[in-house]
Protein chains: 2
Amino acid sequence: MATKTSSPCPENKQDWLDCLKASGYRLTSPRRAVVETLANSQRALNATEIYDLAREQYPSLGLVSVYRTLEKLEQLELIQRVHHPDGCQAFIAGFTGHQHLLICQSCGKAEFFEGDNLEMLFERVAQESGYQIQEHWLQFFGFCSKCRTDKD
Amino acid sequence: MATKTSSPCPENKQDWLDCLKASGYRLTSPRRAVVETLANSQRALNATEIYDLAREQYPSLGLVSVYRTLEKLEQLELIQRVHHPDGCQAFIAGFTGHQHLLICQSCGKAEFFEGDNLEMLFERVAQESGYQIQEHWLQFFGFCSKCRTDKD
DNA sequence: TTCGTATTGAAACTGATTTTCAATATCATT
DNA sequence: AATGATATTGAAAATCAGTTTCAATACGAA
Ligand SMILES: [Mn+2]
Ligand SMILES: [Mn+2]
Ligand SMILES: [Zn+2]
Ligand SMILES: [Zn+2]
């Protein structure tokens, strides 16, 4: 029985490299470093965080290449931007299908969940407002089990 | 019978000025201009948009004063920041109680709605993920009745 | 009306992101 | 494996939104 929540890490970061390759991009060390860093992360990272983490393995990496790689990964929908009260320039591994984010307010750890059923609400709001509803954003914030334990 | 959706404009922009006054701030022309502009707007506006609109009535207004006034209005919870795929620095008149935004993807017109009932989903996701859920973001995007008509 | 000071707009500054550019690395082709 | 066209690179310069500084001004309590 499959769980309804899932970690953002993709099964295989090779998929990302394959996808970049298939889209006509070259596989370079800077790109590998960024992919590696993001694909291994349990939480959303911004450009500088990726830069700092990736340089531990690949010190000559330039910040500009991080920005350029993020741009491509986002276009290919391998990653997605995460909006947060503290900022909206962090990225996390994307997931297919209809999923939403659950984010730890303490450590930032993110998971995806699915199974929100908002059809009834869509209809009621559409009725009352006259809007034709096309998209929705839903995001939960809380404390992950680890951070709850640490608080004690 | 009260509708469950409502326009973001406050009944009376004088309320905002009173609130600023009550908080120890002086009522100045730049502040009045920003309040006027935001309180009259049906959609979220960023600093530059407010600056441009407000200067039509008050040409000597400085952009710095827009930023400074926004900061105060946000602290007083008279306005709130609106996150959007195209940017997250726009503000709209705030509302009390538990409400969420419905935004037109064409003209930006915003309304608030209430009555989302996510308790069951909170519990299920909390159970499956181990997270203690504290907050949620919910936002709808679509086309307002006017923009739907205009498309025909 | 007076007067202390909160507020102002211009200019300088900051930090994040983008652009430019010459040097380099990738990879399809030989 | 070697070649060569060119996509990609990092450094430096440029841009952009937002913030800080500061002397001049406007608010509003007295
Ligand atoms: Mn959903
Ligand atoms: Mn809600
Ligand atoms: Zn946590
Ligand atoms: Zn509209």
Side-chain angles (χ1 to χ4, degrees), chain A residues 14 16-38 44-76 78-79 81-91, chain B residues 14 16-38 44-76 78-79 81-91:
Chain A
Q14 186 60 45
W16 295 23
L17 299 175
D18 291 346
C19 185
L20 281 167
K21 189 77 179 282
S23 306
Y25 297 116
R26 293 183 181 175
L27 298 188
T28 66
S29 298
R31 285 179 183 158
R32 286 174 199 277
V34 171
V35 163
E36 182 90 12
T37 303
L38 259 174
L45 302 172
N46 66 30
T48 312
E49 290 170 327
I50 294 167
Y51 177 67
D52 290 337
L53 285 168
R55 274 165 62 95
E56 290 174 7
Q57 306 301 322
Y58 184 70
S60 65
L61 175 67
L63 180 56
V64 196
S65 291
V66 175
Y67 281 107
R68 287 189 282 224
T69 304
L70 286 176
E71 190 180 14
K72 287 171 182 58
L73 294 174
E74 189 182 21
Q75 273 165 5
L76 296 172
L78 295 172
I79 61 173
R81 185 178 297 267
V82 175
H83 296 257
H84 192 275
D86 292 335
C88 304
Q89 21 303 138
F91 291 89
Chain B
Q14 186 61 45
W16 294 25
L17 299 175
D18 291 346
C19 185
L20 281 168
K21 189 75 179 285
S23 305
Y25 298 116
R26 293 184 181 172
L27 297 189
T28 66
S29 298
R31 285 179 183 157
R32 286 174 198 276
V34 171
V35 162
E36 182 91 11
T37 303
L38 259 173
L45 301 172
N46 66 30
T48 311
E49 290 169 328
I50 294 167
Y51 177 67
D52 290 337
L53 285 168
R55 272 165 63 94
E56 291 174 8
Q57 305 301 322
Y58 184 70
S60 65
L61 175 67
L63 180 56
V64 196
S65 291
V66 176
Y67 282 110
R68 288 190 282 225
T69 304
L70 286 176
E71 190 179 15
K72 287 170 181 58
L73 294 174
E74 189 182 21
Q75 274 166 4
L76 296 172
L78 296 171
I79 61 173
R81 184 179 298 268
V82 175
H83 295 258
H84 191 275
D86 293 335
C88 305
Q89 8 323 124
F91 291 89

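Keep in mind that what you see is a predicted model, and the values were worked out from it rather than measured. Only this structure's heavy atoms are used, side chains among them; waters, hydrogens and symmetry mates stay out. Proteins get letters first, then strands, A, B, ... in listed order; numbering begins at 1 in each.
Mapped onto DNA chain D by nearest heavy atom, A:Tyr58 and B:Asn46 fall at different nucleotides, with A:Tyr58 at the one closer to the 5' end. Closest-nucleotide positions on DNA chain D for A:Tyr51 and A:Gly24 were compared, and the one nearer the 5' end corresponds to A:Gly24.
DNA chain C is contacted by B:Tyr25, B:Arg26, B:Thr28, B:Pro30, B:Arg31 of residues 25-35 of chain B, taking any non-hydrogen atom closer than 4.0 Å.
Residues that satisfy the side-chain contact (heavy atoms from CB on, under 4.5 Å) test with A:His83, not counting sequence neighbours, are A:Arg81, A:Cys88, A:Trp137, B:His83, B:Cys88, B:Trp137. By the side-chain contact (heavy atoms from CB on, under 4.5 Å) test, B:Gln75 pairs with B:Tyr25, B:Glu71, sequence neighbours left out. Remark: A:Gln14 engages A:Asp18 in a side-chain hydrogen bond (donor to acceptor under 3.5 Å, both in side chains) (not counting sequence neighbours).
Taken from CG in A:Leu20 to CG in A:Leu76, the straight-line distance is 6.0 Å, to the nearest 0.5 Å.
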Kindly list each side-chain donor-acceptor pair under 3.5 angstrom involving residues 47-55 of chain B, sequence neighbours excluded, with atom names and distances?
| from | atom 1 | to | atom 2 | distance (Å) |
| --- | --- | --- | --- | --- |
| B:Glu49 | OE1 | B:Asn46 | N | 2.8 |
| B:Glu49 | OE2 | B:Arg43 | NH2 | 3.4 |
| B:Tyr51 | OH | B:Arg55 | NH1 | 3.0 |
| B:Arg55 | NH1 | B:Pro59 | O | 2.9 |
| B:Arg55 | NH1 | B:Leu61 | O | 3.2 |

Name every donor-acceptor pair, under 3.5 Å, that has one atom in a side chain of residues 26-37 of chain B and the other anywhere in the protein, sequence neighbours excluded.
| from | atom 1 | to | atom 2 | distance (Å) |
| --- | --- | --- | --- | --- |
| B:Thr28 | OG1 | B:Arg31 | N | 3.4 |
| B:Arg31 | NH1 | B:Arg26 | O | 2.9 |
| B:Glu36 | OE2 | B:Lys13 | NZ | 3.3 |
| B:Thr37 | OG1 | B:Ala33 | O | 2.8 |

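At whole-Å resolution of the value, CG in B:Leu70 and C1' in D:dT19 are 14 Å apart. To the nearest angstrom, C1' of C:dA6 lies 13 Å from NZ of B:Lys21. Rounded to whole Å, the distance from CG on A:Leu61 to C1' on D:dA11 is 13 Å. If you measure from atom CG of B:Leu17 to atom C1' of D:dG28, you get 15 Å, rounded to the nearest angstrom. Counting to the nearest Å, the P atom of D:dT9 and the CD atom of A:Glu71 are 12 Å from each other.
Nearest heavy-atom pair across B:Trp16 and B:Leu78 is CZ2-O, 3.7 Å.
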Within the 4.0 Å limit for protein heavy atoms, which parts of nucleotides 15-23 of chain C are touched? Write it as a string from 5' to 3', B for base, S for sugar-phosphate only, - for none.
-SSBBB---
